[in-house]
Amino acid sequence: MNEEKHILSILVDNEPGVLSRIAGLFSGRGYNIESLCVAETLEPKISRITMVTKADSIAIEQIKKQLHKLINTIKVIELTGQDFVQREMVLVKVTAKPENRAEILRIVDIFRCKVVDVGKEHYTIEVTGDEGKINALLSLLRPIGIKEIAKTGIIALNREPK
Amino acid sequence: MEELTGSQILMRSLKAEGVDTIFGYPGGAVIDIYDELARTDIKHILVRHEQGAVHAADGYARASGRTGVCMVTSGPGATNTVTGIASAYMDSIPLVVITGQVPTHLIGNDAFQEVDIVGITRPCTKHNYLLKDAADIAKTIKEAFYIARSGRPGPVLIDLPKDITSKITSYEPVGEIKMKSYNPTYEPNQKQLKKVIDLVLEAKRPVIFAGGGVILSKGSEELTEFARKAQIPVTMSLMGLGAFPGTDPLSMGMIGMHGTYRANMSTGECDLLIGIGVRFDDRVTGKTDSFASQANIVHIDIDPTSIRKNIPVATPVVGDCRCTLKKLNEMLDRSNLDGIGEKRSAWFKQIEQWKSTNPLAYSQGSAIKPQFVVEQLYELTQGEAIITTEVGQNQMWAAQYYHFDKPGHFITSGGLGCMGFGLPAAIGAQVARPDKLVVDIAGDGSIQMNSQEMATAMQYGLPVKIVILNNGYLGMVRQWQELFYEKRYACTQMSTAPDFVKLAEAYGAAGLRASKPEDVIPVLKQGLFELRDRPVIMDFVVEQEESVYPMVPAGAPITEMLLV
């Protein structure tokens, strides 16, 4: 069966060990986590986990049920298939030799990103967007020379009716 | 508000839950709790190994229908409980396990007898807690018991650092618990029930497949009523034995790898399979593609993760088994059931034919047959004993040849398949049911895994009976080696074992031995009845290379059985 990407938004008790229960569930049952993003919600006792996982239709049903079964899980929402917005932030450390700097700044401008740190031979660029935008930016910067990147993983919320 | 120590609050909280017995083993980290425990009227059963404490609490829970409680110290005390907890988790047995922990300021320091038991048991408990504040004890105990026994039951572990057990804090009893994140579904969806009733009325070849969930929900009477009203034959998983009377004409016995011929064949041929409180595990289904392949499958279970985990289900019903069956019975009462028996007469004839052509059978020989021992045990106890088992051939013969008419009488490590389970479980069952004859059907291999608990049985005057089917092998593995590994018996021969009669005597118990078929009945009579007041080991020296049949090779369709 076809594995597809699913974005899950999971509300959990904000307690020690909860993340470990979720990570343990995935490793113990052989599911995979593509990315994971966790932080407190407006209610300090509740955290939101945004998770991207790849699974076929049978496995994703199990994953959602198993997540819900954990005592600390309050709600499991699958965003995939709904109308939702997603964002990810990436810091890209790119080699910035004098001959490339203008080119880098042009790309930064086109993609509406920011240079957040300037070193002797490197720029660090902050980019926010969906997967498509980020991949496009990275593919343009790669020939110039990317030293390293840090990604936040996807965060997402469903859209409210217009 | 009263000012109490953490240990006092713990005792008050346990009393509030109605706890009358704790199975445990003291140690440094729980010494304050034990000091307080000794001042209460809660009975403490001192086991000889912490694994025994958990199995005993498991046996106690199954024989009494209540939540079992155990208490152990930190570090090795805690790690020794893991096998027992995993077994209870697989079989959905409600337990509360209290482990000591090093003082809070030492946690993470690799202190003496420190282990991260909450981390270790996370995947094999329903939930677990590490407490860091004495003020949380009362609420956590309340929550732990609620979680352990509600929904799909399971073990809950509470790790208590030593300093909070002696810390004084104010205590207030906790009222009812309501949890935002945990709210099991008991009431089934009415629309789904309507579909089930329609299927039941239409089916020509229906089968009910009942499991441990029926017993756990205390729904055996409702199941029996449902099966008889709707005229549907019943097969049971190992965990489901006793959920429906094994001697009822509608009973087809156990399903699966060592299930009866008619149970497995009927599952292959049925047009409707109603799974109730089961999880369709691999020992039941065999090859999943061909499992009940002609049937519309209905699955009733309180745990949504059980549904569609292993096999596709056309009609899922999430709900408590008892509650669901009760509603189905009411709906049947309002339905037209005229001629329902006749509609299925060809089906019953077919099942009868499978039964008569391939019944459970073995041949007598000059050596004692293990099946004969179990059969005679059944006859002599008239099916009234509580039977616990170890794991392997002994367990399968117990399941096949002892017929269980009532729930709570067959106590076995079904899911985990944990050798060493039977004796401590028998001890727990005997504590719960002092009026009952409790018999552990064991093998010579398994019994050696927890035989130290004989001392526990002696200390508390618990007259459990141990029937050892002694074949000198790890019999089930030997059987696989015989059938699938060209009789290469790699490491399955136990050429050295203690003299079990002397072993019993060393503990001050009685030991008996039968070596010839004609000794079986006299030894059973003496061990079960004449020596009723004390623990007895009965060592039956049986045919060494006897195998359990029918057998479905691992991964084959369950309709493809090796027969005797």
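Only this structure's heavy atoms are used, side chains among them; waters, hydrogens and symmetry mates stay out. Quick note on labels: first sequence line is chain A, next is B, and so on, each numbered from 1.
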Check whether [X] gets within reach of chain B through its side chain, its backbone, both or neither, counting any heavy atom under 4.5 Å.
X      : result
D13(A) : side chain
I46(A) : side chain
E15(A) : neither

- Would you check if the side chain of E114(B) reaches a backbone N or O of A111(B) as a donor-acceptor pair within less than 3.5 Å?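 Here the side-chain-to-backbone pair exists.
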
- Task: Return yes if some donor-acceptor pair links the side-chain N/O of D91(B) with the main-chain N/O of G415(B) below 3.5 Å, else return no.
- Result: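 Judged by distance alone, yes, a pair lies under 3.5 Å.
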
- Top residue by heavy-atom pair count (under 4.5 Å) with chain B, among G24(A), P16(A), S20(A)?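 Max contact count across the listed options: S20(A).
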
- Considering only heavy atoms and a distance below 4.5 Å, find which of I74(A), I71(A), T73(A), N72(A) pairs most often with chain B.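 Counting heavy-atom pairs under 4.5 Å, the top option is I71(A).
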
- Task: Verify the distance criterion only: is there a donor paired with an acceptor across the side chains of R149(B) and T67(B) at less than 3.5 Å?
- Result: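 R149(B) vs T67(B): no donor-acceptor pair found between side chains.
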
- Task: From the options V317(B), I276(B), V278(B), select the one residue that forms a side-chain contact (heavy atoms from CB on, under 4.5 Å) with H299(B).
- Result: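 Going through V317(B), I276(B), V278(B) one by one, the side-chain contact (heavy atoms from CB on, under 4.5 Å) with H299(B) is satisfied by V278(B) alone.
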
Tell me, side chain or backbone of [X] under 4.5 Å from chain A's heavy atoms, or both, or neither?
X       : result
L130(B) : neither
D303(B) : side chain
P304(B) : both

- Query: Taking it one step at a time, do D282(B) and V284(B) satisfy side chain to side chain contact (heavy atoms under 4.5 Å, CB included)?
  - Reply: CA-CA 5 Å; D282(B) 57 291; V284(B) 161; over 6 Å; no

- Item | CA sep, side-chain torsions, deciding dist, call: R87(A), K133(A), side chain to side chain contact (heavy atoms under 4.5 Å, CB included) | CA-CA 10 Å; R87(A) 288 292 179 272; K133(A) 175 179 169 182; over 6 Å; no

